[in-house]
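The structure displayed is predicted, hence computed values, not measured ones. Residue numbers start from 1 in every chain, and the chains themselves are labelled A, B, ... in the order their sequence lines are given, proteins ahead of strands.
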Amino acid sequence: MKMEIANVIVDVPAKQTDRAFDYLIPAEWSGTIQPGMRVIVPFGPRKIQGFVTSLKTQSEFEKLREIIEPMDLEPVLNKELLELGDWLTEHTLCFKIFAFQVMLPAALKAKYEKKVKLAQGVEASVLSEPLQILFENNLMIDWEDALKQGMVPLLLKEAAKGTLEVIYIVKEKVRKKQRKFIRPLVSLEELKVEVERFPAKAEKQKQVLSYFTDHFEPVELRQLVAEVKTTSATVKALVEKKLLIEYDMEVYRDPFEHRTFKRTKPLPLTNSQQTAIGPILNAIETNRHEVFLLYGVTGSGKTEIYLQSIQEVIERGQEAIVLVPEISLTPQMVNRFKGRFGDLVAVLHSGLSAGEKYDEWRKIQRKEVKVAVGARSAIFAPFENLGILIIDEEHETSYKQEEMPRYHARDVAIERAKTYSCPVVLGSATPSLESFARAQKKVYHLLSLPSRMNNQALPAVEIIDMREELRDGNRSMFSRKLLDMLKDRLEKQQQSVLFLNKRGHSSFVMCRDCGYVMNCPNCDISLTYHRVNEQMKCHYCGYESHVPHQCPECSSDYIRYFGTGTQKVEDELGKILPEARVIRMDVDTTGRKGSHERLLTDFQNGKADILLGTQMIAKGLDFPNITLVGVLSADTMLHLPDFRASEKTFQLLTQVSGRAGRHQLPGEVIIQTYSPEHYSVELAGTQDYDLFYQREMMIRKIRHYPPFYYLSLITVSHEQLMTVVAATEKIVNYVRSQVSKDAVVLGPAASPIPRINNRYRYQCLIKYKREPNMTKMLKTILDQYQKDTKSGLLVSIDVNPFILM
DNA sequence: AGCACGCCGACT
DNA sequence: GTCGGCGTGCTC
């Protein structure tokens with residue numbers, strides 16, 4: 001008999017275990033265990049989860065251990081996704097286990113438990129005194145609990161004697177939701193006869209049967225009991241009489257259970273929409289891979305193009321993935337897809353619970369839906385016959401994952417589309433420079449939607465120089481012009497949106513006398529104020545401290561919490577426009593689940609005149625009554641140490657401006673700034689993407705940045721400053737020796753966050769055009785440092801980084 | 001990552 | 001003489 005052996009990638013993210021291990025498939029599982037399944041395997045003394053990547057009949061290893069059991073009935077990763085995992089590993093230089101895990105809902109990540117129980121045939125009475133009571137009352141005790149109570153040494157002693165046994169348990173994070181269903185076991189006719197024959201005494205049973213003669217179909221037990229006003233005992237009696245049968249069925253947690261979606265029909269396309277959709281439909285019909293850049297201002301009707309392309313894909317029996325930035329997964333976007341395709345849509349976003357996400361994923365896996373709409377990770381939706389992949393707001397930085405695997409959803413989309421030979425559509429009003437440059441070079445197919453639907457004019461944008469306001473004695477955060485206009489809208493009963501673009505997204509505490517800012521003692525970064533428990537917290541290492549009442553530096557009492565800024569704006573608004581009703585949206589007011597949505601609905605229903613918020617209100621707002629948008633300070637993010645700062649500023653300002661006047665009423669935009677002459681502010685004012693593109697490209701070329709150069713960032717960290725500097729220097733020298741002379745190697749330089757969790761951070765930035773050996777070289781570096789754990793050096797590499805930190 | 005194995009200092 | 005510190009190396 002031929003042995004069946006499985007190659008298994010184990011759930012241990014470390015350099016040394018980042019390879020396949022061979023396991024025997026026990027005879028009882030022979031033929032059922034397939035590539036793509038999760039299995040439980042013994043690994044050293046433990047039990048852990050692993051992914052079967054392939055099967056074979058021979059192994060170089062003599063003494064193979066057996067797979068304990070499969071965790072799935074069918075593979076969770078199909079062949080394509082397994083191969084995509086290889087691709088991810090290669091391109092982002094991550095451990096294979098990370099590549100597999102990122103493709104699955106978090107619910108499928110294993111949970112490990114370590115427990116201690118009495119060994120076979122051992123009585124609790126033989127144990128030492130303190131353990132006796134414990135094991136008389138419990139079958140097993142948790143290792144973590146024992147550790148907290150300091151009992152581990154005792155346990156180990158017993159384990160050495162053989163009276164106790166340590167066991168490892170691998171668990172699923174979330175259970176499938178099963179419900180009991182009841183259906184008739186006999187025909188309708190027989191059932192009718194039975195109802196007549198039933199003695200009057202068994203009144204309730206008779207009623208249950210009558211229910212089925214009226215509704216001859218399965219019904220959930222819970223519902224049946226409620227409708228007939230009986231108990232499950234009655235039903236059980238009928239099941240025992242073999243008239244009914246009970247069975248379990250997997251049900252889905254439906255996050256949209258209490259919402260109805262108005263069905264929509266395809267809208268007639270404008271001429272320019274028709275011109276744009278043509279090539280996409282052609283690619284779908286001819287089964288051709290091509291990347292389209294759909295470039296159209298806000299309100300130009302990109303979504304309808306997505307919808308009608310998907311329609312075509314569905315009609316051809318294929319499937320579609322649509323990515324939208326997390327923040328715009330507000331009901332508005334979901335409504336449009338659910339409205340058009342109803343139950344054929346699965347929605348995956350972070351607002352769902354792990355269980356809900358798993359259920360949506362299952363719908364895709366079981367081929368019950370045709371469209372997946374979701375944030376970044378939805379790009380891994382387990383479809384097997386993809387016809388189109390769409391990325392809306394293509395320029396959004398949230399499509400790049402900043403943890404391992406550091407992938408960009410756009411790259412994954414293109415890779416999957418190549419396998420399925422189908423089109424990718426990247427949509428944006430302000431495409432990323434990378435994408436637009438590729439479109440210029442005809443690598444992507446550029447499709448333009450030059451005008452807004454119904455030919456509405458773009459809002460009139462006015463840039464206000466806040467320095468001038470200051471010179472004229474206006475020290476408030478509202479320019480006179482903006483204030484006038486706010487008053488005007490209030491009178492007209494129209495709505496305004498005020499946008500505060502602040503640096504970063506944390507609130508901090510600063511002394512107003514000496515400028516002291518509370519920093520983390522372990523990391524070189526300011527502490528974030530948490531209103532909930534009145535504490536200061538570090539985002540990087542978790543350090544917590546109380547909010548000081550006096551400045552530790554100068555003992556001043558004027559040490560204040562600088563909120564997101566929105567609080568301050570709200571207060572000031574209250575003073576100068578007391579009659580205005582304001583809704584504030586920021587991390588403080590949208591913390592709870594669903595509050596984001598509720599605030600927006602309130603605003604939509606006219607419960608406020610002004611919506612005040614941060615980043616999160618820049619997208620997805622499309623309310624007819626908004627006629628004024630004010631940007632309070634346009635330039636705060638311009639001065640970040642980020643080569644994309646101008647691009648981000650331009651995109652954000654353009655996007656915010658697009659919120660105004662999307663319907664009948666014309667819109668106006670006020671942008672307040674301290675650097676009105678900066679091209680990204682100025683050109684956002686005239687909404688001139690093309691000119692911005694040209695200006696920014698020139699700068700990128702001179703500075704050797706994308707899209708002219710690729711980037712790879714190597715970050716080294718260690719507790720000792722000298723050690724990091726030395727190691728980084730060594731790496732820099734090695735890199736210099738390996739790359740061609742066209743490449744630019746920067747470093748060693750301190751990272752923009754020079755210390756996290758008491759580890760100093762240095763980096764090396766490589767800018768390059770064509771380096772065939774780049775991946776190989778980076779792998780060599782990682783190999784060197786990941787293998788050698790004793791030096792304490794940590795090296796991480798981000799290929800095509802978005803944040804240079 | 002865990003965990004075992006193994007080799008040197010402070011204790012019954 | 002042992003208990004226990006954590007350095008080193010393996011897990012099919």
Side-chain angles (χ1 to χ4, degrees), chain A residues 2-27 29-30 33-35 37-71 89 93-102 109-116 128 142-148 150-162 164-171 173 403-405 717-720 723 757 759 782-796:
Chain A
K2 252 202 225 166
M3 288 193 296
E4 272 194 86
I5 295 167
N7 274 319
V8 176
I9 300 289
V10 292
D11 183 17
V12 182
K15 181 82 233 155
Q16 292 178 296
T17 50
D18 186 31
R19 61 196 166 88
F21 285 79
D22 294 352
Y23 285 91
L24 273 178
I25 297 176
W29 302 113
S30 166
I33 288 180
Q34 298 160 44
M37 276 187 181
R38 296 172 306 146
V39 288
I40 298 174
V41 291
F43 197 65
R46 313 178 273 164
K47 275 190 212 172
I48 56 169
Q49 187 191 58
F51 286 87
V52 175
T53 52
S54 57
L55 301 180
K56 56 187 182 180
T57 53
Q58 280 189 323
S59 171
E60 290 165 26
F61 270 82
E62 297 286 307
K63 39 171 184 55
L64 293 185
R65 297 174 80 180
E66 286 191 340
I67 287 177
I68 292 166
E69 60 176 317
M71 294 179 79
T89 311
L93 305 171
C94 70
F95 299 134
K96 195 143 281 169
I97 190 70
F98 282 141
F100 288 155
Q101 261 158 7
V102 78
K109 219 179 138 188
K111 226 176 78 184
Y112 298 106
E113 280 175 16
K114 186 180 178 183
K115 299 199 177 232
V116 186
S128 59
D142 204 78
W143 187 268
E144 291 295 315
D145 294 342
L147 204 63
K148 274 180 220 144
M151 290 218 280
V152 170
L154 284 173
L155 295 177
L156 285 175
K157 247 177 233 159
E158 296 288 349
K161 275 196 277 178
L164 288 180
E165 202 180 343
V166 181
I167 59 166
Y168 297 85
I169 299 167
V170 183
K171 271 195 172 170
K173 264 216 174 115
E403 304 139 24
M404 285 235 259
S717 76
H718 192 269
E719 284 168 12
Q720 233 69 55
T723 317
N757 215 351
R759 299 181 66 89
L782 272 182
D783 265 10
Q784 281 292 313
Y785 289 88
Q786 284 178 343
K787 254 189 212 142
D788 148 49
T789 45
K790 52 181 172 281
S791 69
L793 281 162
L794 283 180
V795 174
S796 81

Next item on the list: For A:Y112 and B:dA1, give me the distance from atom OH to atom P, rounded to whole Å.
Entry: 14 Å
Next item on the list: Could I get the full list of salt bridge (Lys or Arg N to Asp or Glu O under 4.0 Å) partners for A:K114, not counting sequence neighbours?
Entry: none
Check: Does any pair with a residue in residues 45-67 of chain A pass ring-ring contact (aromatic ring centres under 6.0 Å, His included), and if so which ones, sequence neighbours excluded?
Finding: A:F51-A:F100
Checklist line | Contact state string [nucleotides 7-12 of chain B, B base, S sugar-phosphate only, - no protein heavy atom under 4.0 Å] | finding: ------
Note to self: Do A:L93 and A:L782 make a side-chain contact, defined as non-hydrogen atoms from C-beta onward lying under 4.5 Å apart?
What the structure shows: yes
Notebook entry, point to check: Which residues pass the salt bridge (Lys or Arg N to Asp or Glu O under 4.0 Å) test with A:K171, sequence neighbours left out?
Noted result: A:E113
Item checked: For atom CD of A:E144 and atom P of B:dG2, their distance in whole Å -> 10 Å
Check: Rounding to a whole Å, what distance do you find between A:F95:CZ and B:dA1:P?
Finding: 7 Å
Note to self: If the condition is ring pair (Phe, Tyr, Trp, His ring centres under 6.0 Å), which residues does A:F95 pass it with, not counting sequence neighbours?
What the structure shows: A:F98
Next item on the list: Starting at atom CG of A:L156, determine the distance to atom C1' of B:dA4, rounded to an integer number of angstrom.
Entry: 12 Å
Next item on the list: Classify the nucleic acid contact of A:K15 as base, sugar-phosphate or nothing, counting any heavy atom under 4.0 Å across all strands shown.
Entry: nothing
Is there any protein nitrogen or oxygen under 3.5 Å from a nitrogen or oxygen in nucleotides 8-11 of chain C, and what are the pairs?
{"unit_1": "C:dT11", "atom_1": "O3'", "unit_2": "A:G44", "atom_2": "N", "d": "3.1"}

Item checked: Integer-rounded Å distance: B:dA1 P and A:I97 CD1 -> 14 Å
Check: Side chains of A:Y23 and A:N7: donor-acceptor distance under 3.5 Å anywhere?
Finding: no
Sequence neighbours left out, cut at 3.5 Å: what donor-acceptor pairs do the side chains of residues 13-20 of chain A make with other protein atoms?
{"unit_1": "A:K15", "atom_1": "NZ", "unit_2": "A:D783", "atom_2": "OD1", "d": "3.0"}
{"unit_1": "A:T17", "atom_1": "OG1", "unit_2": "A:V12", "atom_2": "O", "d": "2.7"}
{"unit_1": "A:T17", "atom_1": "OG1", "unit_2": "A:A14", "atom_2": "O", "d": "3.3"}
{"unit_1": "A:D18", "atom_1": "OD1", "unit_2": "A:K96", "atom_2": "N", "d": "2.9"}
{"unit_1": "A:R19", "atom_1": "NE", "unit_2": "A:Q16", "atom_2": "O", "d": "3.3"}

Notebook entry, point to check: What nucleotide, of B:dA1, C:dC12, B:dC3, holds the atom closest to the side chain of A:P45?
Noted result: B:dC3
Margin query: Going by the rule ring pair (Phe, Tyr, Trp, His ring centres under 6.0 Å), which residues pair with A:F21 if we only count those two or more places apart in sequence or in a different chain?
Written below: A:F43
Checklist line | Atom pair distance, as rounded to whole Å: CG in A:D18 and P in C:dC12 | finding: 16 Å
Checklist line | Length of the CD1-C1' vector between A:I9 and B:dA1, whole Å | finding: 16 Å
Note to self: The criterion is salt bridge (Lys or Arg N to Asp or Glu O under 4.0 Å); which residues satisfy it with A:K161, sequence neighbours excluded?
What the structure shows: A:E158
Note to self: Using the side chain to side chain donor-acceptor pair (under 3.5 Å) criterion, which residues pair with A:Q786? Sequence neighbours excluded.
What the structure shows: none
Notebook entry, point to check: Among residues 50-59 of chain A, which residues get a heavy atom nearer than 4.0 Å to DNA chain C?
Noted result: none
Note to self: Applying side-chain contact (heavy atoms from CB on, under 4.5 Å), can you list everything that pairs with A:P26, at least two apart in sequence or on another chain?
What the structure shows: A:E28, A:W29, A:E66, A:I67
Checklist line | side-chain N/O A:Y168 vs B:dC3 OP1/OP2, d < 4.0 Å | finding: yes
Checklist line | A:K96 NZ to B:dA1 C1', straight-line distance once rounded to whole Å | finding: 19 Å
